[in-house]
Amino acid sequence: MLTLTVIRENRDEVIRRLAKKKFTNTALIDQIIALDDQRRSLQVQSDQLQAESNRLSKEIGILIKNGNPDGAQQAKERTARIKEEVKNLLDQMDEVTARLQELLVQIPNLPHDSVPEGAGAESNVKVKEGGLMPVLPENAWPHWDLGKKYNIIDFETGTKLTGAGFPLFRAKGAKLERALINFFLDEAIKAGYQEVLPPLMVNEDSAFATGQLPDKEGQMYQVPVDNLYLIPTAEVPVTNIFRDVILEADELPVKTVAYSPCFRREAGSYGKDVRGLNRVHQFDKVEIVQIAHPEKSYQALDEMVAHVEMLVKKLQLPYRIMKLCGGDMSFTSALTYDFEVYAAAQKKWLEVSSVSNFESFQANRLKLRFRENGSKKTQLAHTLNGSALALPRIVAAILENNQTDRGIAVPAVLIPYTDFEWID
RNA sequence: GGAGAGAUGGCCGAGUGGUCUAAGGCGCACGCCUGGAGAGCGUGUAAUCGCCAAAAGCGGUUCGAGGGUUCGAAUCCCUCUCUCUCCGCCA
């Protein structure tokens with residue numbers, strides 16, 4: 001969520017920049033400013049009355065001690081009246097504050113000035129392309145058929161156990177998952193990230209702080225008896241580690257990596273592009289998160305993009321890096337790069353990573369602050385995250401691109417992790 | 001699941017209705033002292049909202065969370081959350 005200060009002090013600029021994200025509700029901005037004015041004026045009134053009441057209460061204590069019950073009684077009557085007024089003002093203030101919060105969370109993050117104009121995916125800008133396109137015979141198999149042929153991905157049994165979109169990995173398929181997870185984790189650790197293994201369920205506070213609540217609860221699996229949510233990404237628990245935290249500037253950047261399964265209901269996304277591993281309800285992902293100094297967050301973003309690029313290069317997958325346009329970016333992001341790899345049998349680009357700088361948008365909701373060394377003032381930190389990487393589509397691309405008459409060739413970099421060179 | 005104890009500042013810890021403006025200690029920062037360090041001495045040491053152009057200053061709120069009693073609550077009452085101890089169950 002944006003800070004009130006930013007909205008108040010840069011109203012016109014905020015409106016201009018939000019237009020790129022196709023947000024045009026100017027009235028909402030003005031309503032927020034008006035509500036904030038109202039809140040401030042209510043606070044001035046209630047502060048004054050409370051100060052008066054505090055002063056009187058002290059006097060009453062002294063009057064009683066000095067044996068002046070009449071004077072004390074008089075003062076009591078005055079405070080009783082003040083109390084009524086204060087309660088009334090505070091009730092109003094609670095209402096205004098709640099309304100303000102409700103509106104504030106509807107304003108998306110400001111896109112970075114470099115974000116391209118555009119309404120949808122077709123306006124995303126390709127910033128880089130790399131890797132070699134595999135040459136496959138015309139009758140190459142898509143990964144869902146390969147999974148069955150080599151008995152490594154069993155979609156039918158997964159459906160029997162849970163439902164569609166919950167694949168069961170078997171034998172070398174299961175080992176390949178583990179190999180990728182360990183490879184991704186090891187590479188992140190080498191790059192200076194500290195590994196955490198987070199809980200897979202979070203409470204309401206956490207879900208709110210990273211923006212899943214209040215209105216994306218339909219995307220999460222819920223455990224209503226205990227009021228918990230299955231995480232849609234490790235970003236949720238990892239980012240929440242820093243909820244209500246104040247760091248010292250010299251601790252920045254804080255680099256964290258986590259592996260976790262991710263659970264997504266994907267409500268309403270049936271039909272297109274959901275075959276096989278292209279879209280599933282449970283999948284494995286390694287996520288990198290950075291807490292950065294505001295002046296260095298774009299440097300951190302570049303570093304994260306380079307890290308992800310290194311991963312797909314080492315896996316020898318054809319890839320491209322897209323800079324998302326305003327209309328295709330997420331609500332919370334200021335700048336996002338998507339990574340896509342080419343799955344040669346499907347002849348499709350599959351999104352495998354999304355690397356974003358949220359600037360202070362997430363930190364504001366999280367109350368994640370830092371202090372310049374020696375300074376008393378706290379300020380919001382910048383947060384960034386990226387998949388490094390999400391497994392299913394990587395597996396899909398590896399299976400499809402590396403298929404041969406002999407079997408599927410395991411990328412060289414994974415062999416130390418799999419202990420086999422061929423899936424056959 | 002049963003029984004009991006507890007939650008106070010960065011940390012430890014005192015505080016059972018009225019200068020709590022939260023004692024004291026540790027830690028940390030700065031200064032004095034020292035050739036330097038340590039010890040010692042002194043000073044300072046939370047977050048957040050608001051008033052003010054800003055700084056300074058002033059005011060409000062916060063003692064696990066929320067509600068209540070009272071002129072006044074860290075302190076009394078209610079609800080909830082969490083932690084610890086013992087018993088039970090258990091990978």
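All values reported here derive from a predicted model rather than from experimental measurement.
- Within 6.0 Å of the CD atom in A:Gln106, the count of heavy atoms belonging to other residues, nucleotides or ligands exceeds 12.
- Nucleotide B:G57 is matched to B:C51 when pairs are restricted to Watson-Crick or G-U wobble geometry with both distances under 3.5 angstrom.
- A:Leu176 pairs with exactly one of A:Ile423, A:Ile153, A:Leu391, A:Ile152 by the side-chain contact (heavy atoms from CB on, under 4.5 Å) rule, that one being A:Ile423.
- The pair A:Arg81-A:Glu77 does not meet the salt-bridge criterion, since no charged nitrogen lies less than 4.0 angstrom from a carboxylate oxygen.
- A distance of about 16 Å separates the P atoms of B:U45 and B:G59, rounded to the whole Å.
- A:Leu56 comes within 4.0 angstrom of no nucleic acid atom, judged by non-hydrogen atoms across all strands.
- For B:C41, the paired base is B:G31 (Watson-Crick or G-U wobble, both distances below 3.5 Å).
- Residue contacts shown for A:Ala80 are absent, as no nucleic acid heavy atom lies under 4.0 Å away.
- Base pairing analysis places B:G1 opposite B:C87; the two distances defining the Watson-Crick or G-U wobble pair are each below 3.5 Å.
- Between the P atoms of B:G88 and B:A3, the separation comes to 16 Å (whole Å).
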Review point. Does the salt bridge (Lys or Arg N to Asp or Glu O under 4.0 Å) test come out yes or no for A:Asp30 and A:Arg11, once each step is laid out?
Key: CA-CA 8 Å; A:Asp30 288 328; A:Arg11 176 188 173 274; 2.5 Å; yes
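- Remark: B:U19 base-pairs with no nucleotide; criterion is Watson-Crick or G-U wobble with both hydrogen-bond distances under 3.5 Å.
- B:A53 and B:C71 have their C1' atoms separated by 39 Å, with the value rounded to a whole Å.
- Here A:Arg78 lies out of heavy-atom contact (under 4.0 Å) with every strand.
- Taking 3.5 Å as the limit, the base of B:G59 and the side chain of A:Asp47 contain a donor-acceptor pair of atoms between them.
- Pair check for B:G24 finds B:C12; Watson-Crick or G-U wobble, both atom distances under 3.5 Å.
- Closest contact between the side chain of A:Arg369 and the listed nucleotides B:A55, B:C71, B:U48 involves B:U48.
- Nearest to the side-chain atoms of A:Val44 among the listed nucleotides B:C51, B:G60, B:A47 stands B:C51.
- When both distances must be under 3.5 Å, the Watson-Crick or G-U wobble mate of B:A65 is B:U79.
- Nucleic acid contact for A:Gln43: base, since at least one base atom lies under 4.0 Å from a heavy atom of the residue.
- Using a 4.0 Å heavy-atom distance criterion, A:Ser57 is classed as a base contact.
- Atom CG of A:Leu42 and atom C1' of B:G59 are 16 Å apart (whole Å).
- Partner assigned to B:G72 is none, using Watson-Crick or G-U wobble distances below 3.5 angstrom.
- Counting any heavy atom pair closer than 4.0 Å across all strands shown, A:Thr378 reaches sugar-phosphate atoms only and no base atom.
- A cation-pi arrangement, defined by a distance under 6.0 Å to the six-membered ring centre and an angle within 45 degrees of its axis, is present between A:Arg365 and A:Phe208.
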